[in-house]
Amino acid sequence: MSISNLFKHSLYITSLAVGLLLTSCGEYQAILKSHDNELWYQKGMEYYAAQDYDKAANLLGGVLTSYAGTARYDTLITTYANALFELGDFFSAAHYFSDYVKTFPSSSKCEDCQYKAGLCYYMLSPKVELDQTDTQSAIDELLLYINLYPNAKNVDEAERMVKEMEDKLAYKAYLSAKLYFDLGNYMGNNYNSAVITAQNCLRKYPDTIHREELSFLILQAKYIQADRSVLSKQADRFRETIDEYYSFINDYPVSEYKSDADKILAKSEKGLAEAEKLLPPSSDDMDYYRNYGQRQERAKIEINKD
């Protein structure tokens, strides 16, 4: 074929494509103006089959309420939900997949719809710093899928996504605990808040990949809390820190934090010894308390001599 003929052929193909596009657009606009529910339904299904999901979603979404309660609603709502999914409108798609499961609980399509509802929320799960409502919804929907269909083909993938989402929530909890830790004693005892937040996270997500860093944060917070406590609470808190150290080392004997953990142990043992020397023997010993300040200063002097 000569260059001239090749150019003419290419021009013909381009003109044909443009003509088809214009015809298609004209047809679609005519459908929209018709307000014919039957036509919208039929053409919506045709557009979906042709993978023209935008037009399919517009047409099928426009007749949803008209066909609610009819024999066609079953196919209509799943096709519409899938079109939304293909368009990336995961929030709306999740709503209609979940709605289908509630409306047709005995349908064979429920397995796929339940999975896709969870998948939609998984796709909506944001960065860990943002609100994690969609992440929790993904976990809830996928766990429901796993429980309802334990032998389904997508169970392994659903379990993987649940683990990923739980680790994300655990990391968010770690960041919250770390924020409390970094605040220190600003406007209260934030070290205790750091400990509580981290412990609650470990109870909720015991298998999280962030377990080690959460555990070490608890150890750090307990030590600093003990070190900065009033004398009457120091001994008990140092003992708690020492116990926490051995729990940590037992779980992570080769931890990257072992060197720092060992230093905390040494400081805690020294702090405990000093606190026990300074601690009044009994809260009932009023004579002791009357002269407690002088005794404390003398005891500190003796310790410094050692």
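Note that the numbering runs from 1 along the sequence shown for the chain.
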In Å and rounded to the nearest 0.5 Å, what is the OG1 to CE distance from Thr79 to Met45? 3.5 Å
More than 12 foreign heavy atoms under 6.0 Å from NZ of Lys267: is that the case here? no
Counting distance only, does the side-chain N/O of Thr78 pair as donor-acceptor with the main-chain N or O of Thr75 below 3.5 Å? yes
Passing option when Phe181 is tested against Val195, Leu217, Asn190, Ile218 for side-chain contact (heavy atoms from CB on, under 4.5 Å): Leu217
Is Tyr171 atom OH crowded by more than 12 heavy atoms from other residues, nucleotides or ligands, each under 6.0 Å away? no
Is it the case that Arg228 places NZ or CZ above or below the six-membered ring of Tyr191, under 6.0 angstrom from the centre and within 45 degrees of the axis? no
Per the ring-ring contact (aromatic ring centres under 6.0 Å, His included) rule, which among Tyr41, Trp40, Tyr73 passes with Tyr67? Tyr41
Is it the case that the side chain of Asn250 and the backbone of Tyr246 share a donor-acceptor pair, with hydrogens and angles ignored and the cut-off at 3.5 Å? no
Quick one: do Glu46 and Lys43 make a salt bridge, cutoff under 4.0 Å? yes
Taking it one step at a time, do Cys120 and Phe91 satisfy side-chain contact (heavy atoms from CB on, under 4.5 Å)? CA-CA 7 Å; Cys120 285; Phe91 184 81; over 6 Å; no
Identify, with sequence neighbours excluded, every residue that meets ring pair (Phe, Tyr, Trp, His ring centres under 6.0 Å) alongside Tyr121. none
Keeping to residues at least two apart or across chains, list the side chain to side chain donor-acceptor pair (under 3.5 Å) pairs with something in residues 218-227. Asn189-Gln225, Lys222-Glu244
Glu141 side chain vs Tyr115 backbone, donor-acceptor pair below 3.5 Å: no
Assess, by modelled atom type and distance only, whether the side chains of Asp74 and Tyr100 contain a donor and an acceptor separated by less than 3.5 Å. yes
If the condition is side-chain hydrogen bond (donor to acceptor under 3.5 Å, both in side chains), which residues does Asp182 pass it with, not counting sequence neighbours? Lys178
Do we see a donor-acceptor contact under 3.5 Å between the side chains of Ser125 and Thr135? yes
Would you say the side chains of Thr208 and Glu166 form a donor-acceptor pair under 3.5 Å? no
Can a side-chain donor-acceptor contact be found between Asp140 and Gln136 if the only test is distance below 3.5 angstrom? yes
List the atom pairs, donor and acceptor, that lie under 3.5 Å between side-chain atoms in residues 149-159 and the rest of the protein, sequence neighbours left out.
residue : atom : partner : partner atom : Å
Glu157  : OE1  : Arg160  : NE           : 3.2
Glu157  : OE2  : Arg160  : NE           : 3.3
Glu157  : OE2  : Arg160  : NH2          : 2.8

Aromatic ring centroids of Tyr257 and Tyr252 under 6.0 Å? no
Are Lys258 and Asp262 within salt-bridge range, i.e. N to O under 4.0 Å? yes
List the atom of Thr197, the atom of Ala173, and the distance in Å for their closest heavy-atom pair. CG2-O, 3.7 Å
Minimum-distance pair of heavy atoms, taken over all atoms of Cys201 and Leu214: SG-CD1, 3.7 Å
So which heavy atom on Phe248 is nearest to which on Ser215, and how close? CD1-CB, 3.8 Å
Where do Leu119 and Leu142 come nearest, in terms of heavy atoms and distance? N-CD2, 4.2 Å
Give a yes or no on whether Tyr180 atom OH has more than 12 heavy-atom contacts from other residues, nucleotides or ligands under 6.0 Å away. no
Using modelled atom types only, decide if a donor and an acceptor are shared between the side chain of Lys116 and the backbone of Asn82 within a distance under 3.5 Å. no
Determine whether the side chains of Asp89 and Ser92 contain a donor N or O and an acceptor N or O closer than 3.5 Å. yes
Check the orientation of Tyr47 and Tyr28. Use parallel for under 30°, tilted for 30 to 60°, and perpendicular for over 60°. perpendicular
Quick one: list whatever passes salt bridge (Lys or Arg N to Asp or Glu O under 4.0 Å) with Asp236, sequence neighbours left out. Arg239
Closest heavy-atom pair and its distance - Val63, Leu76: O-CD2, 3.8 Å
Is a side-chain donor-acceptor pair under 3.5 Å present for Glu38 with Gln42? yes
About how many Å separate CD1 of Ile249 and CG of Leu265, when rounded to the nearest 0.5 Å? 8.5 Å
Show the numbers, then the answer: is there a side-chain contact (heavy atoms from CB on, under 4.5 Å) between Ile139 and Leu143? CA-CA 6 Å; Ile139 292 172; Leu143 285 177; 3.6 Å; yes
Between Asp112 and Lys109, does any side-chain N to carboxylate O distance fall below 4.0 Å? no
Calculate, to the nearest 0.5 Å, the distance between atoms CG and CD1 belonging to Asn192 and Ile196 respectively. 4.0 Å
So does Arg211 get a backbone contact from the side chain of Glu213, meaning a donor-acceptor N/O pair under 3.5 Å? no
In terms of heavy-atom contacts, Thr241 and Ala226 come closest through OG1-CB, 4.0 Å
What about Phe90 and Tyr80, same hydrophobic cluster or not, with Ile/Leu/Val/Met/Phe/Trp/Tyr joined at side-chain heavy-atom distances under 4.5 Å? no
Which ILVMFWY residues are connected to Val230, directly or by a chain of links, through side-chain heavy atoms under 4.5 Å apart? none
Apply the test side-chain contact (heavy atoms from CB on, under 4.5 Å) to residues Lys163 and Ile209: give CA-CA distance (whole Å), side-chain angles for both, the deciding distance (0.1 Å), then the verdict. CA-CA 9 Å; Lys163 181 67 168 64; Ile209 58 174; 3.8 Å; yes
Please step through salt bridge (Lys or Arg N to Asp or Glu O under 4.0 Å) for the pair Lys55 and Asp52, ending with a clear verdict. CA-CA 6 Å; Lys55 292 175 183 175; Asp52 192 340; 3.6 Å; yes
